[in-house]
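For reference, the structure discussed in these notes is given below.
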Amino acid sequence: MGPNGAGKTTLIKLMTKRLEPDQGFVRIAKNLEEAYFDQNRITLDPTKTLWKTLCPEGDHIFVRGHYRHVVAYLKDFLFTSAQAKTPVGALSGGEKNRLMLALALAKPSNFLVLDEPTNDLDMDTLDLLQEALDEYTGTILIVSHDRDFLDKVCTSLLYMKGDGTITEYVGTYSDLLAGEKERALNAQKKTTVKKVVKTASVAEVPASPAPKKKLSFKEQHLLKTLPAEIEKLQTRVAHLEDKLNDPTFYAQNPDEFNKTTIDLTTAKEQLETAEMTWLELEILQEEINQKS
């Protein structure tokens with residue numbers, strides 16, 4: 001995980017040999033069976049039905065050691081029986097995401113790669129995804145901006161600050177954030193130059209500021225209002241992604257397509273900033289509560 005532009009998707013493409021490295025090499029185990037979930041959903045054929053996408057032949061699909069009827073399996077991902085014969089192109093962005101998840105989780109694999117799997121997913125589908133990942137017996141590599149989701153399903157993080165470095169961290173994202181915050185504060189203390197005012201050869205050093213006893217009015221306001229703002233931004237991101245997922249959008253209006261792409265990047269950056277600010281304030285409030 002890391003900020004936009006840090007290279008998360010690039011790293012995944014390098015590790016799965018979808019992109020050749022400038023130097024060095026990637027060694028793939030002979031017994032590796034990979035299933036890949038692409039955030040752009042480019043592997044879906046819009047002309048195929050959901051049934052044929054999951055089950056090109058017959059009516060049963062082999063999923064994690066058991067045969068399932070394709071309609072029953074689709075219902076696991078909140079699709080109706082009628083939608084089984086619907087073309088993929090008629091699905092919304094969120095439904096395409098669910099279908100991609102169903103497709104990725106149905107493939108025989110011991111290495112599951114999920115690039116932004118939580119985009120456009122409602123709470124029911126998120127719960128379903130978490131259960132499926134808990135039951136998965138192989139290794140899972142996930143890129144996600146959903147920090148609560150990462151806390152629930154991940155045991156180790158590859159943290160990319162955006163400066164080209166990658167740090168492995170065992171634990172949750174919340175633990176990592178608290179640790180990074182503490183390290184940043186310690187580094188700031190070490191590098192801060194203290195001004196010493198000398199009067200009559202006596203050095204007077206300013207007293208250390210008292211520990212913070214409560215959040216400021218502005219911080220309290222942000223803590224209360226940011227969840228609603230985050231929800232609005234999530235809705236906007238989902239809306240813009242739905243527009244961009246329309247295969248006819250670019251051909252009909254290239255300028256609007258480019259503008260929407262820029263708007264989506266901006267909205268994602270705003271969402272990440274809002275989530276980070278809220279999480280930092282939550283941690284600060286917990287620290288204050290523990291001291292009081």
Side-chain angles (χ1 to χ4, degrees), residues 1-6 8 39 94 116-130 133 142-163 167 169-192 206-242 262-292:
M1 57 85 54
N4 289 332
K8 301 184 294 296
Q39 64 172 310
E116 297 285 4
T118 60
N119 286 353
D120 303 328
L121 298 188
D122 54 34
M123 292 305 298
D124 289 338
T125 312
L126 270 176
D127 290 341
L128 183 151
L129 175 61
Q130 289 172 14
L133 297 185
I142 301 172
V143 170
S144 177
H145 288 281
D146 189 331
R147 296 179 175 92
D148 180 63
F149 174 75
L150 290 176
D151 279 354
K152 288 178 180 177
V153 302
C154 293
T155 56
S156 177
L157 299 173
L158 294 176
Y159 180 50
M160 307 175 70
K161 293 183 179 180
D163 58 0
T167 305
Y169 186 89
V170 178
T172 67
Y173 174 77
S174 297
D175 293 337
L176 182 146
L177 182 63
E180 285 294 308
K181 183 178 179 182
E182 184 177 352
R183 278 188 286 274
L185 288 173
N186 290 336
Q188 187 178 18
K189 289 177 182 178
K190 290 179 181 179
T191 57
T192 299
S208 299
K212 197 163 188 174
K213 294 183 179 180
K214 66 175 183 178
L215 295 178
S216 68
F217 176 80
K218 181 180 179 181
E219 290 171 332
Q220 292 178 33
H221 178 72
L222 283 172
L223 193 58
K224 290 179 181 178
T225 58
L226 274 175
E229 179 66 22
I230 289 170
E231 188 173 347
K232 287 181 182 178
L233 286 167
Q234 288 172 336
T235 301
R236 176 163 172 73
V237 167
H239 171 69
L240 293 171
E241 287 177 334
D242 279 346
I262 295 171
D263 289 344
L264 177 60
T265 300
T266 302
K268 282 187 173 182
E269 290 173 352
Q270 291 172 341
L271 175 59
E272 186 170 354
T273 300
E275 288 177 333
M276 181 71 75
T277 302
W278 179 82
L279 198 54
E280 288 175 346
L281 289 173
E282 271 285 296
I283 293 171
L284 183 57
Q285 183 65 69
E286 288 179 11
E287 292 173 352
I288 292 172
N289 291 340
Q290 289 172 359
K291 291 175 182 177
S292 59

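Numbering of residues begins at 1 and proceeds along the displayed sequence. Just so you know, these numbers come straight off a predicted model, no measurement behind them. Side-chain atoms are counted along with the backbone in the values below, which use heavy atoms only and exclude waters and symmetry mates.
- Taking L126 as the reference, T118, L121, M123, D146, F149 meet the side chain to side chain contact (heavy atoms under 4.5 Å, CB included) condition, with sequence neighbours excluded.
- The CD1 atom of I230 sits 9.5 Å away from atom OG1 of T225, with the distance rounded to the nearest 0.5 Å.
- Between atom CD of residue E272 and atom OG1 of residue T277 there is a gap of 10.5 Å, rounded to the nearest 0.5 Å.
- Considering only residues two or more places apart in sequence or on other chains, T266 meets the side chain to side chain contact (heavy atoms under 4.5 Å, CB included) condition with I262, Q270.
- If you take CZ on R236 and NE2 on H239, they are separated by 7.5 Å, rounding to the nearest 0.5 Å.
- The environment of CD in E231 is sparse: at most 12 heavy-atom neighbours from other residues, nucleotides or ligands sit within 6.0 Å.
- The two atoms that bring S144 and L150 nearest to each other are O-CD1, 3.6 Å, heavy atoms only.
- Taking the side chain to side chain contact (heavy atoms under 4.5 Å, CB included) definition, one finds that A238 meets it with D120, sequence neighbours left out.
- D148 pairs by the salt bridge (Lys or Arg N to Asp or Glu O under 4.0 Å) definition with K152, not counting sequence neighbours.
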L158 and T167: side-chain contact (heavy atoms from CB on, under 4.5 Å), yes or no, with the steps? CA-CA 6 Å; L158 294 176; T167 305; over 6 Å; no

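- D263 is linked by a side chain to side chain donor-acceptor pair (under 3.5 Å) to K259, counting only residues two or more places apart in sequence or in another chain.
- In this view, L128 and F77 satisfy the side chain to side chain contact (heavy atoms under 4.5 Å, CB included) rule, not counting sequence neighbours.
- When the options L226, L271, T273 are evaluated for a side-chain contact (heavy atoms from CB on, under 4.5 Å) with L233, the one that passes is L271.
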